[in-house]
Amino acid sequence: MALIDQITIRAKAGKGGDGVVRWLHEYAREFGGPSGGDGGNGGNIVFRGVRDLNILASYKGRSTFSAEKGGDGGNKNMAGRNGADTILDVPVGASVTRATDGAVFEFLEEGEMQTLLAGGRGGAGNARFKSSVNQYPTEATPGKEGEESAFVIELKLIADAGLVGLPNAGKSSLLNAFTAARAKVGAYAFTTLEPNLGAYFGYVIADIQGLIEGASQGKGLGHDFLRHVSRTKVLIHCVACDSPDPLADYDTVREEIAGYGADLSRKPEIVFLTKADILSRDKIAAVQKIFKKRKLPTTPVSVIDDELIKAAGDEVVRFLQKK
Ligand SMILES: Nc1nc2c(ncn2[C@@H]2O[C@H](COP(=O)(O)OP(=O)(O)OP(=O)(O)O)[C@@H](O)[C@H]2O)c(=O)[nH]1
Ligand SMILES: [Mg+2]
């Protein structure tokens, strides 16, 4: 999945409508007095978090987003219409920096809305200026300009579930099996160099780089990429069942997760025994038994076995639904 993870856009909130000069009886001011209505307020620029990781791509090549102008005031003290807000969707997990003042806004919840540019206030109609000493005011004020700014939108991945494991454990293959992602797969270590995302029944699964012993001291690709799974609800720990010592693989990865800190090792975890097609059922059961002695339930998966994939996927969804 090609993700655009940073983009700059410009936006301008709507100008306020103008206040107007009107008279109840246009040709005989003294009979009715002033009746010019106020202008409506300009529309705001509102950002909203959505569960669509590709939304930023739709902003590409569009220069300025604007909100509607407020309507001018009318006769008989009628105020102008308020301009409609313009809503700009950003993926959940995005942070939006407003260039004019450097303020940063985070969008962590689906449907969360924040107004980042206010529309201009509508101007006052001449009816507002009436006073005991000014019975027939001929003044009205124009609407104010709407606020305007550039915005830098950055996407930090917020996945619901994160695939972790040694290099070659089959993480990217699993992401591809679960989702429409087309992550690169290779029979060698460190195939994945950038995180991949896929959507599974509305949940986002992140596939990240492989961890090796010493990753927290900078070995292999290091461990900084664990930040991409730091906000997930569950880690899907992939252990290749055909490894000489699957439990040792498991422990190695757990140690590196603990070395990352940030309470990552306290996150709930589902353990998948990958590449289950390589071993006989008996051999898999034997591997599961070894894990069970450590009170670790495991689920066998194989990307070429639709039933196992479905059962494993259901387990992930069940877990996420509970959260
Ligand atoms: N037989 C079999 N091979 C698999 C299965 N899943 C993955 N593989 C193979 O295992 C190798 C590694 O797969 P990847 O999905 O690239 O592994 P990864 O964990 O993403 O590896 P890194 O990105 O390097 O960390 C590839 O040659 C895959 O074809 C499986 O279920 N069965
Ligand atoms: Mg990979």
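Both backbone and side-chain heavy atoms feed into the values below; hydrogens, waters and symmetry mates do not. We count ligands from 1, going down the list as the structure has it; atoms in each ligand are counted the same way.
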Going by the order shown, which atoms of ligand 1 are within less than 4.0 Å of some heavy atom of [X]?
| X | result |
| --- | --- |
| Val185 | 13 (O), 14 (P), 15 (O), 16 (O), 26 (C), 28 (C), 29 (O) |
| Gly210 | 25 (O) |
| Phe190 | 24 (O) |

Below 3.5 Å, N or O to N or O, backbone or side chain included: is there any such pair between [X] and ligand 1?
| X | result |
| --- | --- |
| Asp207 | no |
| Ala276 | no |
| Lys184 | no |
| Ile278 | no |

Which protein non-hydrogen atom lies closest to [atom], naming both residue and atom, and how far is it?
| atom | answer |
| --- | --- |
| atom 17 (O) of ligand 1 | Gly170 N, 3.1 Å |
| atom 14 (P) of ligand 1 | Ser173 OG, 3.6 Å |
| atom 8 (N) of ligand 1 | Lys275 CE, 3.8 Å |
| atom 16 (O) of ligand 1 | Gly186 N, 3.1 Å |
| atom 25 (O) of ligand 1 | Lys171 NZ, 2.9 Å |
| atom 31 (O) of ligand 1 | Val303 N, 2.9 Å |

Looking at ligand 1, would Gly165 count as a contact under a 4.0 Å heavy-atom criterion?
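Not so, Gly165 does not reach ligand 1.
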Ala189 contact mode with ligand 1 (heavy-atom cut-off under 4.0 Å):
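It is the backbone that touches ligand 1; the side chain stays farther off.
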Do Arg281 and Ile284 make a side-chain contact, defined as non-hydrogen atoms from C-beta onward lying under 4.5 Å apart?
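Result no, sub-4.5 Å side-chain heavy-atom pair not found.
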Considering only heavy atoms, which of Leu279, Asp277, Asn168, Thr191 lies nearest to atom 21 (O) of ligand 1?
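It is Asn168 that holds the nearest heavy atom.
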If waters are left out, how many protein N/O/S atoms lie within less than 2.8 Å of the Mg ion (ligand 2)?
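Those protein atoms number 2 in total.
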Just checking Tyr250 against His237, ring centres under 6.0 Å apart?
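Yes.
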Ring centroid separation Phe105 to Phe47 under 6.0 Å:
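Phe105 vs Phe47: aromatic centres not under 6.0 Å.
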Ionic contact status for Asp251 with Arg294, cut-off 4.0 Å:
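Asp251 and Arg294: salt-bridged.
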Hydrophobic cluster membership, Leu211 vs Val239, 4.5 Å side-chain cutoff:
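No, it is not one cluster - the side chains of Leu211 and Val239 are not joined through contacts under 4.5 Å.
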Using the test salt bridge (Lys or Arg N to Asp or Glu O under 4.0 Å), find all partners of Glu148 that sit at least two apart in sequence or belong to another chain.
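Applying salt bridge (Lys or Arg N to Asp or Glu O under 4.0 Å) to Glu148 gives Arg10.
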